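To start, the structure under review is shown below, and the notes come after it.
Quick caveat, the model's predicted, so the values are computed rather than measured. Only heavy atoms go into these numbers, but all of them, side chains included; no hydrogens, no water, no symmetry mates.
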Amino acid sequence: MRKSVLARSCAVIALTIGALQSGAAMAQTAPASDPALAAEQERSDRIDDIVVTAQRRDQGLSEVPISITALDGEGLERQGITKIDSLFAVTPALSYQGSQSSAGSGLRVRGVGSAAFNAGTEQSVSTIIDGVVTGPAASGLSDLFDVQRVEVLRGPQGTLFGKNASAGAINVVTNAPSSVFGGYGIVRYGEAMEEIRVEGAVTGPVGENTAVRLAGFYLDQNEGWTTNAIRGGTEDVRNRWGARFSVNHEAGPLTTSFIYTYEQRDDDCCTRTFSGLEPVRGALTNTFLVPRLTANGLTPSPDNRVSISEQGVEEKMRSDYAVLTLAYQLSGGQTIKSITGARKWKQYEFNDGDRIDIDVGSFAVQRRDLDLFTQELQLLSAPESRLQYVVGLYLYDQDLYEFTSTKGGSGTPFRLGETVVPLDVQVRNMAVYADATYDLTDQWQVFGGARLLKEEVEAAGTRSGNFFAFPGTYSASVSDDDTNWVGRFGARYSLNDDMSFYGSVSRGYKGKAVDVSISSPFFLSTNPQSAVLRPETVLNFELGARTRFNDGRFVLNGTLFHSDFTDFQASQFDGTTAAFILRNAGKVKTQGLEVDFKSIPWDGGTLMGGFSFVDAVFDEYKGAPCTVPSTLARTCLPTVGQDLSGKQVNASPRYQFNVSYRHDFDFGQNDTFYVQGEYSWRDDVTFGGDLNPATMQPAYGVANFRAGIRLDDRYELVAFAENAFDETYAYRIIDAVLWSGAYQTYLAPGRTVGIELRADF
């Protein structure tokens, strides 16, 4: 099988340069040719329009006909959001499912996504960092450091961002080098986890036409938020660091940009604790689990933070990636651009599969090795032309190797055994695309685009060994391909400079997947091709408004949406095989409302937040997996399954909102004291793909408080309390593997208080 050739060191650049603005989601103002307008934009009480690249070119957020939340990087850091998987706390219609490692975690937009331990599938929510897609979900759940902004794009984004963005995309833009010397440093201490986090950057010129930037972060936690009663100490501890080098060189009409980023993790995270137990249980549960719970005096409950695992949980990860961008401006103002991306991602995880203090299945190991290469060629229109367009060619080449070892059983009559599964999954995606916006009049615009793509997927693997739950030797391989298209069309109307509306229809696509889970038909059937899932497609309709009121002191953006997914690819627990499987879950319909707002209600005050209502249901889904209780009670036959048609999609809260308020008090020419409060709330949610009520997380809210002093507009000292009321809630609740009739929970951290010191220069 072919193997991608990647250079470990390759380079980068951030093409967008923006000014940071504390605590805001609106930062950089587009230049104004009218002096009166320029003066108006400089007013401190007017909310500026952040520049985004959601349409692959610099535009003010108010001009973009996409449902988008733009988050300023410095504002995210000030709210303690330093990971992509934490964005759900400040973004409407975005949710997160945690797991024992990044490989099983994932984000959902408008109720759609897929958090799966399966090398044969990818997310429906694509992550793009500095213009390059990151590939499988785990490699994209990175730490955020020295970030200019994050754009959360809702709805299909495949026309412009290309690879498996049927539900949405997370577009991360890091800070670019500057021709002016400067930088910053941040030190944060949190008492609950004895956490120290350091972040900083320095930038400046190294020649007449060259600027560089060096940034990095270091995170060290000594305590976790789960106690281990058997081994002592705590679990859920994170230790991470990363560095980024970027350079920007201009030589006449040619601009060369290069970024290289390295990240490393050595986490003892994340553990799952027993949160529930059914009255009717499986034989293994009654024979081994229940006696160990009783012997250790542990009663499963939703707020249980005590583990009785004899082994720990660990994830090691190394990621290095590079982006090389060449942009050449033609004499007519058009630009030819080449974007080359290379990513190398290695991950190792270990966990005690049975999570108890005897060996039933205590050694679960997975290793993953990703090589990814992307190449994109673009032709962009001149900036001021009436017809704005981008035309491109795209290549995505991925090789993902995975090795799984499951062993144990020495504490049972089954004796010690081991089953190993080496797998190789390769994906190649080739596409041609075009997208354009045309100004019909000063008030009316039409926009549209299409992408024609071909995707090939190959998977080959072997399962062999004698672990009691997965015995036998099997080998399988499949190869499949698909030619398809995505596109969008719509119109935008500007009533005036402060009010515009748009309507659009778009088609999204997620490529074919292969269920290569250990108990899937890929290994166990005589026809491995039956493990190939049909591609996921979506037809999406949107009506949006971008508005400003009160002389620019109040910004309100809203979107109504309706999406119909066909052949939705779902990861669900199968009570028959006691494993998580992939399957096409028929049709899914999701519709609702998303709102972002920001206001300056009075001098010194800033109020901002978001709200969403998402009605996501299985429009048609017969033959869904039976729940474990219904399987044990024989009220649901595994050969028939259950009918979930008309039921709410799992892991999708119907309502969620977030709000923050900051007030600044000036007590000197450049000295400020401020207080800030944040609150996020989300409706109850059922995590299990079989909609088992035992996997429901009740509605909850989390409050954070901060108070800071900023001196000489350069030095800042902040005291904070995050999750101030010590709310207990789950990132995910699952059926316990091996223990039929028991449930386990991945809990979020509790309250932490601390201080943070920042210096700018």
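Ser275 and Asn304 share no donor-acceptor pair across their side chains, judged by distance under 3.5 Å alone. For the residue pair Thr271 and Arg355, a side-chain donor N or O sits within less than 3.5 Å of a side-chain acceptor on the partner. Side-chain contact, Ser362 with Asp354: a donor N or O sits under 3.5 Å from an acceptor N or O. A donor-acceptor pair shorter than 3.5 Å can be found between the side chains of Thr174 and Asp130. Under the 3.5 Å distance criterion, with hydrogens and angles disregarded, a donor-acceptor pair is assigned to the side chains of Tyr743 and Glu278. A donor atom on one side chain and an acceptor atom on the other are not found under 3.5 Å apart for Glu418 and Thr406. With no hydrogens or angles considered, no side-chain donor-acceptor pair links Asp303 and Thr728 at under 3.5 Å. Side-chain contact annotation: Tyr262 with Gln264, donor-acceptor N/O pair under 3.5 Å present. For the residue pair Asn118 and Asp515, a side-chain donor N or O sits within less than 3.5 Å of a side-chain acceptor on the partner. Side chain to side chain, Glu678 and Asn704 meet the donor-acceptor criterion of an N or O pair below 3.5 Å. Between the side chains of Ser105 and Gln97, no donor N or O sits under 3.5 Å from an acceptor N or O. Judged by distance alone, the side chains of Glu349 and Gln100 do bring a donor and an acceptor atom under 3.5 Å apart.
Here the side chain of Asn650 pairs a donor or acceptor atom with the backbone of Phe687 at under 3.5 angstrom. Using modelled atom types, one side-chain atom of Gln221 and one backbone atom of Arg238 make a donor-acceptor pair closer than 3.5 Å. Looking only at distances, a side-chain donor or acceptor of Gln656 sits under 3.5 Å from a matching main-chain atom of Thr91. Under the 3.5 Å distance criterion, the side-chain polar atoms of Ser652 are left unmatched by any main-chain donor or acceptor of Val649. Between the side chain of Thr273 and the backbone N or O of Val306, no donor-acceptor pair lies under 3.5 Å. With Asn228 contributing its side chain and Ile230 its backbone, the two residues share a donor-acceptor pair below 3.5 Å. Looking at Ser612, its side chain does come within 3.5 Å of a backbone N or O of Ala93 through a donor-acceptor pair. Judged by distance alone, with hydrogens and angles left aside, the side-chain atoms of Ser520 form a donor-acceptor pair with the main-chain N or O of Ser517 at under 3.5 Å. Side chain of Asp267 to main chain of Asn239: a donor-acceptor pair is present (N/O by atom type, distance under 3.5 Å, no hydrogens or angles). The main-chain N or O of Ala570 is never found under 3.5 Å from a side-chain atom of Arg583 such that the two would form a donor-acceptor pair.
The aromatic rings of Phe470 and Phe467 lie tilted to each other, with the angle between the two planes from 30° to 60°. Between Phe468 and Phe414, the ring planes lie parallel to each other; the angle is under 30°, not in the 30° to 60° tilted range. Between Phe88 and Tyr96, the ring planes are parallel. Angles under 30° get that label, and only those over 60° would be called perpendicular.
The CD atom of Gln148 sits 5.5 Å away from atom CG of Asn175, with the distance rounded to the nearest 0.5 Å. Summarising the geometry, atom OG1 belonging to Thr627 is positioned 8.0 Å from atom CG belonging to Asp735; distances are rounded to the nearest 0.5 Å.
A cation-pi arrangement is found for Arg188 relative to Phe720, the charged atom lying closer than 6.0 Å to the ring centre and inside a 45° cone about the ring normal. Remark: Arg244 qualifies as a cation-pi partner of Phe145 under the 6.0 Å distance and 45° angle criteria applied to the six-membered ring.
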> Between Val172 and Leu144, does a side chain to side chain contact (heavy atoms under 4.5 Å, CB included) hold up when you go through it step by step?
Replying inline: CA-CA 9 Å; Val172 180; Leu144 297 171; 4.2 Å; yes
>> Under the criterion side chain to side chain contact (heavy atoms under 4.5 Å, CB included), I'd like the reasoning laid out for Val425 against Glu402: C-alpha separation, chi angles, the key distance, then a yes or no.
In response: CA-CA 8 Å; Val425 178; Glu402 179 181 271; over 6 Å; no
> Could you walk me through whether Ser319 and Met317 pass the side chain to side chain contact (heavy atoms under 4.5 Å, CB included) check?
Replying inline: CA-CA 7 Å; Ser319 172; Met317 185 273 286; 3.6 Å; yes
>> One pair to check against side-chain hydrogen bond (donor to acceptor under 3.5 Å, both in side chains): Asp359 and Ser410. What are the steps and the verdict?
In response: CA-CA 6 Å; Asp359 179 14; Ser410 63; 2.6 Å; yes
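For the pair Ser139 and Thr134, the tightest heavy-atom approach, listed with the atom from each and the gap, is OG-O, 2.6 Å. Scanning all heavy atoms of the two residues, the minimum distance from Val133 to Ser126 falls at CG2-OG, 3.1 Å.
Exactly one of Glu199, Glu77, Arg758, Glu74 qualifies for a side chain to side chain donor-acceptor pair (under 3.5 Å) with Tyr184. That residue is Glu199. Checking each of Arg706, Arg751, Arg78 against Glu722 for a salt bridge (charged side-chain N to carboxylate O under 4.0 Å, His left out) leaves exactly one that passes, namely Arg706.
A salt bridge is absent between Arg149 and Asp72; no separation between the charged side-chain nitrogens and carboxylate oxygens falls under 4.0 Å. Under a 4.0 Å N-O distance rule, the pair Glu235/Arg272 does not qualify as a salt bridge. A salt bridge does not link Asp266 with Arg240: none of the charged nitrogens is closer than 4.0 Å to a carboxylate oxygen. Taking 4.0 Å as the cut-off between side-chain N and carboxylate O, Lys346 and Asp369 count as a salt-bridged pair.
If you look at Tyr700 and Tyr729, their ring centroids are closer than 6.0 Å.
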